[in-house]
Amino acid sequence: MDLVVEGRLFLNGELEQGCVGIEDGRIVAVKKVLRGDTKIDAGYRIILPAAMDPHVHFRQPGLTNKEDFGSGSMAALHGGVTTVLDMPNTLPPTDRLAVLKEKKRIIRRRSFVDYGFFVTTDLPRRLEAMAPHAAGLKIFMGSTTGSLLDNDDNSIHRMLRKAEELSVPVSVHAEDDAMIFLAEAESLKDHLRNRPADAEFNAVRRLAALGAKGVNICHVTRAEVLDIAAEAGMSCEVATHHMLLDINSPLGSRGKVNPPLRQPAAKEALYRAVAHGKATMLGSDHAPHTTDDKAEDFHICPSGVPGVETMFPLMMAAVKRNDIPLATLVRMACEEPARRFKVPKGRIEEGMIADLAIYDPREVTTIEGARLYSKCGWTPYEGMEAIFPQTVIMRGEIQLKGGEPCGETIGRDIKDGTI
Ligand code: NCD
Ligand code: ZN
């Protein structure tokens, strides 16, 4: 056995003392006692499957002053995430095979964590060409950073049918563009007025009417949407910012994000619904913009907040406060993304890729932007409680030690057949 990790393991929804045996990057045994060449004794600390973030914007190529795969994937590791799915609003947009291939070439050997790429297109032929290499299809029903848009029912229907035929998972930015206003905005309240919850409700209802079974709704902001989506057989992704921040958070343009932060009551209702297990996945929608970008006038400054690094640690602190069950967090952040995107990760089980994260539940710290690894250098969660991982193992390799990234850029593309 190359490596044995011993401690309180998350197995079948509970913590149990035991050992994980790892060989050639895979979990080969889970037993009470195991011997190995190298042993990590985690003691009373807890050992979880590492998380997978199904929604990040790592900005490469084209916007690498905001982030790149080196800094973004280091931030992911710092937050206990070993697999990320990158969105297609890079420059040029990932909307055809040649661009996707070039993006893959650029990012090869630059990532500390495993990754996959979403593509975007309203042309079925192009999706067909990209399908074998793409983690999923992203449809933008509302305009956001990057001016990609497909808000036409016929076109969406055509793309959903094609994606189903090709077994390509679909994620949708569900805000109906026809219901978004572009009035001058100076505050989070104005931004919310421009992008009302009705735009989200309407987009989700239209998808339901199109029979979008199996489709994933990104960054759901309202508890009601979790119910509408579940009824229509759609899955739902939630982001920490919509559960922990609202229009009264003193963030100014740093809190400008699409879909927008909502009213405090809506935020709390969403948080409660998620704690009750109503959301399918957690996704950070990590959308880094530089402090200079965010210092622009509210109306013209770009939308988006960073989050890949803080998503799991914030939720671990929520688990510690008994706000949310650990099993719900692990299901949303580890098991479900892996299952949905067919990556053999997310559970501590024989045959799975050996991606583990070790947490000390006693080590509650406060988030400081200056200590994060994202290139953007700030966080909307400054001063909030978090529990960061102490050790992260990816494919049996130690990628984070003593809370700091330490490994190599061994990240692989989940679609290139090597995983
Ligand atoms: C994202 C970005 O900056 O790329 N911005 C955001 O407000 N969430 C795009 C997106 O996911 O909408
Ligand atoms: Zn996004």
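Order of appearance sets the numbers: ligands from 1, and atoms from 1 within every ligand.
Between T144 atom OG1 and R195 atom CZ the span is 5.5 Å, to the nearest 0.5 Å. The CZ atom of R158 sits 8.0 Å away from the CG atom of L123 when rounded to the nearest 0.5 Å. Distance NE2/H55 to NE2/H219: 4.5 Å, rounded to 0.5 Å. In this structure, R412 CZ and R108 CZ are separated by 11.0 Å, a value rounded to the nearest 0.5 Å. Taken to the nearest 0.5 Å, the CZ atom of R340 stands 5.0 Å off from the CE atom of M281. To the nearest 0.5 Å, the span separating NE2 on H78 from OG on S374 amounts to 12.0 Å.
With a 6.0 Å cutoff to the six-membered ring centre and a 45° limit on the axis angle, R362 counts as a cation-pi contact of Y44.
In this structure, of T144, N89, V305, the residue bringing a heavy atom nearest to atom 12 (O) of ligand 1 is T144. Comparing R59, H57, H55 by heavy-atom distance to atom 3 (O) of ligand 1, the nearest is R59.
Judged by the shortest distance from any of its heavy atoms, K256 lies outside the 4.0 Å radius around the atoms of ligand 1.
Among all heavy-atom pairs drawn from T221 and P259, the shortest one is CG2-CB, 3.6 Å.
Each of the following atoms of ligand 1 lies closer than 4.0 Å to a heavy atom of A287: 1 (C), 2 (C), 3 (O), 5 (N). For ligand 1 and H173, the ligand atoms under 4.0 Å from any heavy atom of the residue are 12 (O). Annotation for ligand 1: atoms under 4.0 Å from non-hydrogen atoms of V257 are 7 (O), 8 (N).
Scanning the protein for heavy atoms near atom 8 (N) of ligand 1, the closest one is D285 OD2, 2.8 Å. The protein heavy atom nearest to atom 7 (O) of ligand 1 is N258 N, 2.8 Å. Among protein heavy atoms, the minimum distance from atom 5 (N) of ligand 1 is reached at S303 O, 3.1 Å.
Residue contacts with ligand 1 for H289 involve side-chain atoms from C-beta outward but no N, CA, C or O (heavy atoms, distance under 4.0 Å).
A side chain to side chain contact (heavy atoms under 4.5 Å, CB included) with L282 is found for one member of E237, M52, M243 and no other, namely M243.
Checked against the 6.0 Å centroid criterion, the rings of Y115 and F58 do not qualify as a close aromatic pair.
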Check: residues 70-77 side-chain donor-acceptor pairs under 3.5 Å, at least two apart:
from: S71; atom 1: OG; to: E67; atom 2: OE1; distance (Å): 2.6
from: S71; atom 1: OG; to: D68; atom 2: N; distance (Å): 3.1
from: S71; atom 1: OG; to: D68; atom 2: O; distance (Å): 3.2
from: S71; atom 1: OG; to: D68; atom 2: OD1; distance (Å): 3.2
from: S73; atom 1: OG; to: F69; atom 2: O; distance (Å): 2.5
from: S73; atom 1: OG; to: G70; atom 2: O; distance (Å): 3.3
from: S73; atom 1: OG; to: F112; atom 2: N; distance (Å): 2.9

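Remark: ligand 1 and G304 share an N or O pair separated by less than 3.5 Å (distance only, no angle test).
Take a cut-off of 2.8 Å around the Zn ion (ligand 2): the protein N, O or S atoms inside it are H55 NE2, H57 NE2, D285 OD1.
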